[in-house]
Enquirer: 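Can you keep this structure in mind? I'll have questions shortly.
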Amino acid sequence: SKITEEQDVVIIGGGPGGYVAAIKAAQLGLKVTCVDKRGSFGGTCLNVGCIPSKALLHTTHMYHTAMHEFPKYGIESPKSAPNLKKIMAHKRSAVTSLTKGIEYLFKKNKVNYIKGTATINSVNEIGVVPLKKSEDESTIKTKNIVIATGSDYITFPWLPVDEEVIVSSTGALSLSKVPKKMVVIGGGVIGLELGTVWKRLGAEVTVVELLNNIGGTLDLEVAKELKKQLSRQKMKFLMPAKVTNVTVKNKLATVEVQTCCKNPQKKKLEADCVLVSVGRKPYYEGLGLEKIGVQINNDRRINVNDHLQTNIPNIYAIGDVIHGPMLAHKAEEEGVAVVERIADPNKSTMLNHKLIPGVIYTDPEVASVGCTEEELKGAGVEYRVGKFPYLANSRAKAVGDFKGFVKIIAHLKTGELLGAHIIGSNASEAIHEVALGMNLNCTDKDIGEMCHAHPTLSEAIKEAAMAGYFKAIHL
Ligand code: FAD
Ligand code: NAI
């Protein structure tokens with residue numbers, strides 16, 4: 001549909017940053033249009049990221065539990081091969097219902113939306129080439145522009161992704177058969193989550209990681225525990241090591257690896273699938289940023305100030321294209337903040353990056369918020385740590401899943417909460433108790449003195465807090 005009226009804001013990109021910004025803008029009474037070229041809204045997150053990966057992680061977790069854990073509880077289950085077609089069908093239905101849900105929300109909130117590719121013609125005009133060939137190209141006049149075009153995977157110049165043998169995360173979410181041997185290049189979030197999916201379905205998975213630790217910026221103690229737990233599940237790790245070459249012949253890859261130590265060793269790994277998961281890069285190709293002079297930082301992210309404003313005052317940017325963690329919930333918060341600012345220029349949009357939780361959805365899950373011990377040491381901050389293992393938590397014992405621990409870090413003198421790192425079942429949900437505490441400037445004592453229901457996994461958080469300022473009861 002053609003937009004003839006001047007808009008208060010046009011949002012380019014309909015991912016978690018863009019679609020949330022669009023809905024919020026409409027709720028605030030702004031005339032808003034959201035343009036996305038993918039064909040369905042929701043961006044990377046809903047189409048080829050968070051949602052399909054969590055669908056696959058959940059299904060394969062159930063499969064793995066049924067095959068390997070049920071007998072432990074006295075439930076004898078017949079062994080069966082996974083039905084990959086049905087697993088993928090469930091994933092697709094989760095994605096479709098959520099992406100369609102965004103169009104419903106757009107209609108409900110009176111957001112104009114176009115499926116097509118946007119270009120910035122000038123600071124007040126957007127050009128749109130619609131996805132449907134039958135529709136005409138159009139231009140939209142607008143007072144403000146929000147760039148929310150997200151990110152794309154990184155690969156090596158010498159290793160083109162074919163999404164069959166050499167795959168990005170997108171290919172790894174849709175393989176047509178379970179690989180026999182999978183090599184994962186990069187032991188970050190994507191490598192560990194998608195490596196886990198295919199490991200559970202029967203692939204032999206080897207992760208090649210450049211650094212000495214998996215999971216990127218995780219607290220070191222947690223990263224070590226995660227590696228221990230994944231190794232127990234027979235995921236293999238080659239680290240620190242780098243991939244020096246990959247050749248593909250008859251749909252079989254030979255991955256050449258060199259260990260990074262004093263006496264480097266060379267290894268060759270055979271694989272029928274290689275997942276490249278060495279990070280993502282901001283994406284703004286074809287937008288025309290050079291033409292209108294939007295500043296780009298050295299790390300290729302779009303430069304914005306504290307109000308998410310680029311060097312051109314009426315052009316804003318949010319989400320994966322700007323600085324900060326490339327996370328859906330970070331993009332969403334920025335989406336809300338940016339349109340609040342556009343609606344009311346007195347509104348401050350500062351998002352405290354220290355309060356953005358991060359989760360890895362492996363088994364056990366890993367969730368963290370705030371500083372790691374390493375960061376605090378580096379900054380010379382005096383702190384105290386309270387730790388509590390799930391092994392001593394009654395609910396964890398009752399359900400028979402007691403891997404991992406809770407670690408709470410607070411200021412040594414004041415008890416102010418500085419960080420929390422949880423590795424264990426349900427960590428992704430549990431982290432928000434401490435995140436809320438940090439948002440409200442609580443201390444570890446505030447958590448330790450709060451009544452928690454029994455028996456719950458959350459009691460481990462209370463006990464970890466208590467262990468920090470005094471002593472835990474059940475340890
Ligand atoms: P995107 O979601 O990338 O959306 C940008 C949109 O802009 C795209 O749809 C694109 O088509 C569109 N676009 C680009 N250029 C144009 C143009 N010129 N015209 C029109 N449209 C355009 N994050 C989490 O928080 N939790 C998770 O569990 C999680 N899991 C992930 C799993 C995987 C496999 C991957 C790859 C990512 C995952 N992420 C996760 C990261 C998350 O997906 C991103 O941080 C998030 O999607 C960023 O949102 P965004 O709005 O900035 O950009
Ligand atoms: P990442 O940055 O998390 O991890 C990349 C890993 O690859 C790092 O450990 C790095 O040391 C390693 N690496 C880099 N170059 C290498 C090389 N040449 N050889 C071997 N290893 C190398 O990036 P990833 O996993 O690709 O994910 C991209 C982003 O997507 C994440 O940063 C995250 O923001 C987002 N994401 C979030 C998820 C979540 O919140 N649960 C899930 C999946 C993705």
Side-chain angles (χ1 to χ4, degrees), residues 11-21 34-54 56-57 99 114-120 126-129 131 146-156 159 168-170 172-173 184-195 207-218 223 238-244 257 260 275-288 317-322 324-332 334-335 356-362 365-367 428:
I11 293 158
I12 308 178
Y19 89 73
V20 167
C34 183
V35 188
D36 195 290
K37 67 175 180 178
R38 190 182 289 271
S40 71
F41 285 89
T44 305
C45 173
L46 270 71
N47 290 284
V48 289
C50 328
I51 299 305
S53 61
K54 265 80 259 180
L56 291 182
L57 277 158
T99 54
I114 306 178
K115 294 179 183 176
T117 305
T119 333
I120 305 178
I126 301 289
V128 182
V129 179
L131 270 186
V146 174
I147 302 169
T149 46
S151 62
D152 200 3
Y153 68 84
I154 296 175
T155 186
F156 308 100
L159 188 59
S168 71
S169 54
T170 302
L173 288 166
V184 174
I185 311 180
V189 204
I190 291 182
L192 299 177
E193 288 189 355
L194 295 181
V207 177
V208 183
E209 166 58 51
L210 195 59
L211 304 178
N212 226 342
N213 292 291
I214 58 169
T217 51
L218 287 184
L238 247 173
M239 53 194 275
K242 65 176 178 204
V243 172
T244 52
V257 179
C260 308
L275 166 61
V276 186
S277 48
V278 292
R280 293 178 62 83
K281 58 179 184 217
Y283 177 84
Y284 38 77
E285 265 162 46
L287 268 188
I318 56 171
D320 284 8
V321 276
I322 65 164
M326 288 185 170
L327 295 173
H329 41 288
K330 178 258 192 188
E332 289 187 38
E334 288 174 343
I356 302 171
V359 176
I360 307 181
Y361 295 81
T362 43
E365 291 183 347
V366 178
S428 59

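Only this structure's heavy atoms are used, side chains among them; waters, hydrogens and symmetry mates stay out. This is a predicted model, so every value here is computed, not measured. In each ligand, atom 1 is the first atom listed, and ligand 1 is the first ligand listed.
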Enquirer: Would you mind listing which atoms of ligand 1 come within a distance below 4.0 Å of any non-hydrogen atom of Arg280?
Expert: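 Answer for ligand 1: 36 (C).
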
Enquirer: Mind checking whether Val189 has an N or O less than 3.5 Å away from an N or O of ligand 2?
Expert: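 N/O-N/O distance under 3.5 Å: yes.
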
Enquirer: Does some non-hydrogen atom of Ser277 fall short of 4.0 Å from ligand 2?
Expert: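 Contact check Ser277 vs ligand 2: positive.
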
Enquirer: Just to be sure I'm reading this right: ignoring hydrogens, which of Gly39, Pro282, Cys45 gets closest to atom 43 (O) of ligand 1? Compare them by their nearest heavy atoms.
Expert: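 Answer by nearest heavy atom: Cys45.
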
Enquirer: Quick one: which ligand 2 atoms are inside 4.0 Å of a heavy atom on Val208?
Expert: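 Those qualifying, in numeric order: 20 (C), 21 (N).
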
Enquirer: With no hydrogens and no angle check, just 3.5 Å: does a side-chain donor-acceptor pair link Asn47 and Ser40?
Expert: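 Per modelled atom types, Asn47 and Ser40 side chains form a pair under 3.5 Å.
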
Enquirer: So is there a nitrogen or oxygen of Leu327 less than 3.5 Å from a nitrogen or oxygen in ligand 1?
Expert: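 So ligand 1 has an N or O lying under 3.5 Å from an N or O of Leu327.
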
Enquirer: Which residue supplies the protein heavy atom nearest to atom 10 (C) of ligand 1, what is that atom called, and how far is it?
Expert: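 The closest one turns out to be Asp36 OD2, 3.8 Å.
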
Enquirer: I need the atoms of ligand 2 closer than 4.0 Å to a non-hydrogen atom of Tyr361, numbered in the order shown.
Expert: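 Counting atoms of ligand 2 from 1, those under 4.0 Å from Tyr361 are 41 (N).
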
Enquirer: With atoms numbered from 1 as shown, which atoms in ligand 1 lie under 4.0 angstrom from a non-hydrogen atom of Gly150?
Expert: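 By the 4.0 Å cutoff, the relevant atoms are 1 (P), 3 (O), 5 (C), 52 (O), 53 (O).
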
Enquirer: For ligand 2, which atoms sit closer than 4.0 Å to a heavy atom of Leu327?
Expert: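 Once the distances to Leu327 are compared, the set is 34 (O), 37 (C), 40 (O).
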
Enquirer: Heavy-atom contacts with Gly319 under 4.0 Å: which atoms of ligand 1 show up? List them by number with element.
Expert: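 Going through ligand 1 atom by atom, the ones under 4.0 Å from Gly319 are 52 (O).
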
Enquirer: Show the atoms of ligand 1 that are less than 4.0 angstrom away from any heavy atom in Tyr361.
Expert: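 By the 4.0 Å cutoff, the relevant atoms are 28 (O).
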
Enquirer: If you have a sec, work out which protein heavy atom is nearest atom 38 (C) of ligand 1 and how many Å separate them, to one decimal?
Expert: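 Closest protein heavy atom to atom 38 (C) of ligand 1: Cys50 N, 4.0 Å.
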
Enquirer: What atoms in ligand 2 come closer than 4.0 Å to a heavy atom of Val359?
Expert: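 Ligand 2 atoms under the 4.0 Å threshold to Val359: 39 (C), 40 (O), 41 (N).
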
Enquirer: Leu211 heavy atoms, cut-off 4.0 Å: which ligand 2 atoms fall inside?
Expert: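 Heavy-atom distances to Leu211 below 4.0 Å select 11 (O).
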
Enquirer: With a cut-off of 4.0 Å, which atoms of ligand 1 are near a heavy atom of Ala148?
Expert: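 Heavy-atom distances to Ala148 below 4.0 Å select 5 (C), 6 (C), 7 (O).
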
Enquirer: Report, as yes or no, whether the 6.0 Å neighbourhood of atom NZ on Lys242 holds more than 12 heavy atoms from other residues, nucleotides or ligands.
Expert: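 No - once you tally the heavy atoms of other residues, nucleotides and ligands closer than 6.0 Å, there are 12 at most.
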
Enquirer: Heavy-atom distance to atom 46 (C) of ligand 1: which of Gly14, Ala331, Pro16 wins?
Expert: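 Looking at heavy atoms only, Pro16 sits closest to atom 46 (C) of ligand 1.
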
Enquirer: My understanding is that we take every heavy atom of each candidate and find the minimum distance to atom 19 (N) of ligand 1. Doing that for Gly335, Ala118, Ser168, which one comes out nearest?
Expert: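 The residue whose heavy atom sits nearest atom 19 (N) of ligand 1 is Ala118.
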
Enquirer: Nearest heavy atom to atom 25 (O) of ligand 1: which of Gly15, Ala328, Ser53 does it belong to?
Expert: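 Ranked by closest heavy atom to atom 25 (O) of ligand 1, first place is Ala328.
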
Enquirer: For ligand 1, which atoms, with element, lie under 4.0 Å from some heavy atom of Val35?
Expert: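 By the 4.0 Å cutoff, the relevant atoms are 20 (C), 21 (N).
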
Enquirer: Using a plain distance cutoff, I'd like to know if Thr117 has any nitrogen or oxygen under 3.5 Å from a nitrogen or oxygen of ligand 1.
Expert: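 No, since none of the N or O atoms of Thr117 sits under 3.5 Å from an N or O of ligand 1.
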
Enquirer: With atoms numbered from 1 as shown, which atoms in ligand 2 lie under 4.0 angstrom from a non-hydrogen atom of Arg280?
Expert: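 Those qualifying, in numeric order: 28 (C), 29 (C), 30 (O).
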
Enquirer: Answer side chain, backbone, both or neither: which part of Ile154 comes under 4.0 Å from ligand 2, heavy atoms only.
Expert: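 It is neither; nothing of Ile154 touches ligand 2.
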
Enquirer: Just jot down the ligand 2 atoms closer than 4.0 angstrom to any heavy atom of Gly279, in number order.
Expert: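 So the answer, numbered in order with elements, is 5 (C), 23 (O), 24 (P), 26 (O).
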
Enquirer: Using a strict cut-off of 4.0 Å, indicate which atoms of ligand 1 neighbour a heavy atom of Gly17.
Expert: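 Reading through ligand 1 atom by atom, the close ones are 51 (O).
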
Enquirer: Starting from atom 15 (N) of ligand 1, locate the nearest protein heavy atom and write down its residue, its atom name and how far away it is, to 0.1 Å.
Expert: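 Sorting protein heavy atoms by distance from atom 15 (N) of ligand 1 puts Thr149 CG2, 3.3 Å first.
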
Enquirer: Provide the number and element of each atom of ligand 1 under 4.0 Å from a heavy atom of Gly13.
Expert: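 Answer for ligand 1: 6 (C), 7 (O), 12 (C).
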
Enquirer: Which atoms of ligand 2 sit under 4.0 Å from any heavy atom of Met326?
Expert: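 So the answer, numbered in order with elements, is 33 (C), 34 (O), 35 (C).
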
Enquirer: Judging by distance only, is a nitrogen or oxygen of His329 under 3.5 angstrom from one on ligand 1?
Expert: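 Yes - when backbone and side-chain N and O of His329 are compared with those of ligand 1, one distance drops under 3.5 Å.
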
Enquirer: Heavy-atom distances under 4.0 Å are what count here, so tell me which part of Thr119 touches ligand 1: side chain, backbone, both or neither.
Expert: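 Neither; nothing of Thr119 gets under 4.0 Å from ligand 1.
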
Enquirer: Examine Asp320 against ligand 1 and note whether any of their N/O atoms are separated by less than 3.5 Å.
Expert: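 It does: an N or O of Asp320 is found under 3.5 Å from an N or O of ligand 1.
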
Enquirer: Heavy atom under 4.0 Å from ligand 1: found in Ile12's side chain, backbone, both, or neither?
Expert: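 It is the side chain that gets close, since no backbone atom is under 4.0 Å.
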
Enquirer: Measuring from the heavy atoms of Tyr153, does anything fall under 4.0 Å of ligand 2?
Expert: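 No, Tyr153 has no heavy atoms under 4.0 Å from ligand 2.
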
